[in-house]
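One structure is given here, and the rest of the page talks about it.
Proteins come first, then strands; the chains are lettered A, B, ... in the order of their sequence lines, and each starts at number 1. Computation of the quantities below employed the complete heavy-atom set of this structure, encompassing side-chain atoms and omitting hydrogens, waters and symmetry-equivalent molecules. Not measured: the values here are computed from a predicted model.
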2 protein chains.
Amino acid sequence: MASKSRYPVQAAATTFRVIETLHQLNGAGVSELSEALEMPKSTVHDHLQTLTEAEYLVNENGTYHVGARFLELGGFARSQMKLYQVASPEIKKLAEETGEHANLMIEEHGKGIFLNKSKGPDAVNLDTHIGKRVHLHTTALGKAILSRESEEVVDEIVERHGLPSVTEKTITDIEELKQQLAKIRDRGYAIDDEERVIGMRCVAAPICDENERPIGAISVSGPTNRFDESTFNAEIPKSVLSTANVIEVNMTYS
Amino acid sequence: MASKSRYPVQAAATTFRVIETLHQLNGAGVSELSEALEMPKSTVHDHLQTLTEAEYLVNENGTYHVGARFLELGGFARSQMKLYQVASPEIKKLAEETGEHANLMIEEHGKGIFLNKSKGPDAVNLDTHIGKRVHLHTTALGKAILSRESEEVVDEIVERHGLPSVTEKTITDIEELKQQLAKIRDRGYAIDDEERVIGMRCVAAPICDENERPIGAISVSGPTNRFDESTFNAEIPKSVLSTANVIEVNMTYS
DNA sequence: GCATATGTCCGGTAATGCCGGATGGGGTAT
DNA sequence: ATACCCCATCCGGCATTACCGGACATATGC
């Protein structure tokens, strides 16, 4: 049809559309799904039946759910696994020290993925669950990662995903983004002032490998009223940076 | 071909074979994969390219990895989510009280899946990661679940998956299994004496819904030498049963 | 520079993914 | 009780495409 199709196996793409939609709907029947997907019922049913038989979905009297099998696949590739293992105890400490939420993010296909989070004693609830995918430019974590990428990579990512705004404070101009990235490179940490969620501020630092290429980022985030000028610009960045440094050292020497 | 195919979309099944093998190999190239799968290179490549383009896999200079996207899908259906949320703090307490490992399992497609685990202060390392799938009859958790299923369901499951042995103590005879299940129904809890891992014992209790149908099980497991006759048969079961009861109450009234 | 790996690409064809329509069951209101 | 509706499931056929053999470029090591 349209493009020369980098999708040589369209049925695979279709099957994942079904799974993804089923996940969003938190379970559904054939009719509901076929409407949401704008596909014939019978086609949807074909996929559901195959996936259920292969034990990736569960069928409870006509209502299908995403199965726990995907939990197993969620175990990451080894390299990421290492970052997860090294960083998890450190962000836990960070959350306890600061009282707020501490997060770990990696980049994949130009988007940010929350790999882990730790809830400090004073932390408020967030809409960030593990596995959540966000645009890099909307979070301090993502900007921290972008700041260590080459300009070509940044351009590629922006071209691919754009700079959609999620709050009125989100950066939507690429020049403004690049200026911020330069600033982040300078001082070593990134901030997010209600750019993804109104009422929330965030401070993040990149984690790099021995070649200075970014492999992820960590952050501390909390409500704007607790992140006043002094903590937001001094204490919190200091904690985040020192934790990032500990993680980098432990990544290379272990 | 062989069966009248409950797989109306074979390409979907194929794609998941590719993903699953890639996961087992912890990342691989096209050639290695095509050999492991006994499929033509070009076919494997078609799938890899599609899955990578759809952002489910990651390609690092020809080596493919399972992407973190599956983390997101690993978020369970709502009903299971509730059990997870209710049971997680309780098994954490259980692990702290007993000092050992505490686990949460559900059944899916006739197999047991570890939904969560909590490591007590004295716990030794285990090969059970979250998402791991095991045969029900090889664990106390699985037997606890089976004990609350009807005999027909037990027969179905055994017929489907068999009773493979993983240690010399694994139950391999269906009559013996059914006798144990009756005993478990009687006293309310199940035990596993080195039936899945030599050197490990385990005590488990089922979690049922308001209709007395099993929705999961919890357990405490530890090294044989610490699970002596008195704790193995009295104290531990008491703790496990009371925790299971708390979870059941919290599931129905909340 | 040769030999042998690798990952990637192309094009034809037999197989099958897709879809309209039919079937039967479960619920509900009349 | 009955008629109605919506549901998941099944069937059959056609156009599409998943699959595969083979060719190509590149990388590594002898």
Exercise for the section: Answer yes or no: is there an ion pair linking A:Lys178 with A:Glu151, defined by an N-O contact shorter than 4.0 Å? Expected result: yes
Practice task
Before accepting this row, confirm whether a basic side-chain N of the pair A:Arg17/A:Glu38 lies closer than 4.0 Å to the acidic partner's carboxylate O.
Solution key: no
Exercise for the section: Would you mind telling me which residue lines up with the more 5' stretch of DNA chain C, A:Pro40 or B:Glu32, judged by nearest nucleotide? Expected result: B:Glu32
Exercise for the section: For A:Asp46 and D:dC11, give me the distance from atom CG to atom P, rounded to whole Å. Expected result: 12 Å
Problem - Nucleotide C:dC19, atom P - distance to NZ of A:Lys41 in whole Å - result: 14 Å
Completion exercise
From the candidates C:dC18, D:dT17, C:dT8, the one with an atom nearest any side-chain atom of A:Gln10 is D:dT17
Handout entry: D:dT9 OP1/OP2 closer than 4.0 Å to side-chain N/O of A:Tyr64
Key = yes
Handout entry: Spacing of B:Glu53 atom CD relative to C:dT8 atom P, expressed in whole Å
Key = 12 Å
Exercise for the section: Let me know the distance between CE of A:Met39 and P of C:dG20, rounded to the nearest Å. Expected result: 13 Å
Fill in the blank from the handout: To the nearest angstrom, the OH-C1' distance between B:Tyr7 and D:dT9 comes to 18 Å
Handout entry: Basic-acidic side-chain contact under 4.0 Å: A:Glu55, B:Arg133
Key = yes
Problem - Rounded distance (Å) that lies between atom P of D:dC10 and atom CG of A:Leu48 - result: 12 Å
Practice task
Examine D:dA18: is either OP1 or OP2 under 4.0 Å from a nitrogen or oxygen in the side chain of B:Thr43? Give yes or no.
Solution key: no
Practice task
Identify, between A:Gly29 and B:Ser42, the residue whose nearest nucleotide on DNA chain D lies closer to the 5' end.
Solution key: A:Gly29
Exercise for the section: Scan B:Ser31 against the nucleic acid and name what it touches under 4.0 Å (heavy atoms): base, sugar-phosphate only, or nothing. Expected result: sugar-phosphate
Problem - Parallel, tilted or perpendicular, as decided by the 30° and 60° cut-offs, for the rings of B:Phe70 and A:Phe16 - result: perpendicular
Practice task
Taking atom types as modelled, find out whether A:Glu32 and A:Tyr64 have a side-chain donor-acceptor pair closer than 3.5 angstrom.
Solution key: no
Practice task
Measure the distance from CZ on B:Arg17 to C1' on D:dA18 and round it to the nearest whole Å.
Solution key: 15 Å
Practice task
By nearest nucleotide on DNA chain D, pick out whichever of A:Asn61 and B:Ala11 is the more 5' one.
Solution key: A:Asn61
Practice task
Give the nucleotide from the list C:dC9, D:dC10, C:dT8 with an atom nearest to the side chain of B:Gln49.
Solution key: C:dC9
Handout entry: d(NE2, B:His47; C1', C:dG7) in whole Å
Key = 17 Å
Problem - Below 4.0 Å: OP1/OP2 of D:dT9 and any side-chain N or O of A:His45 - result: yes
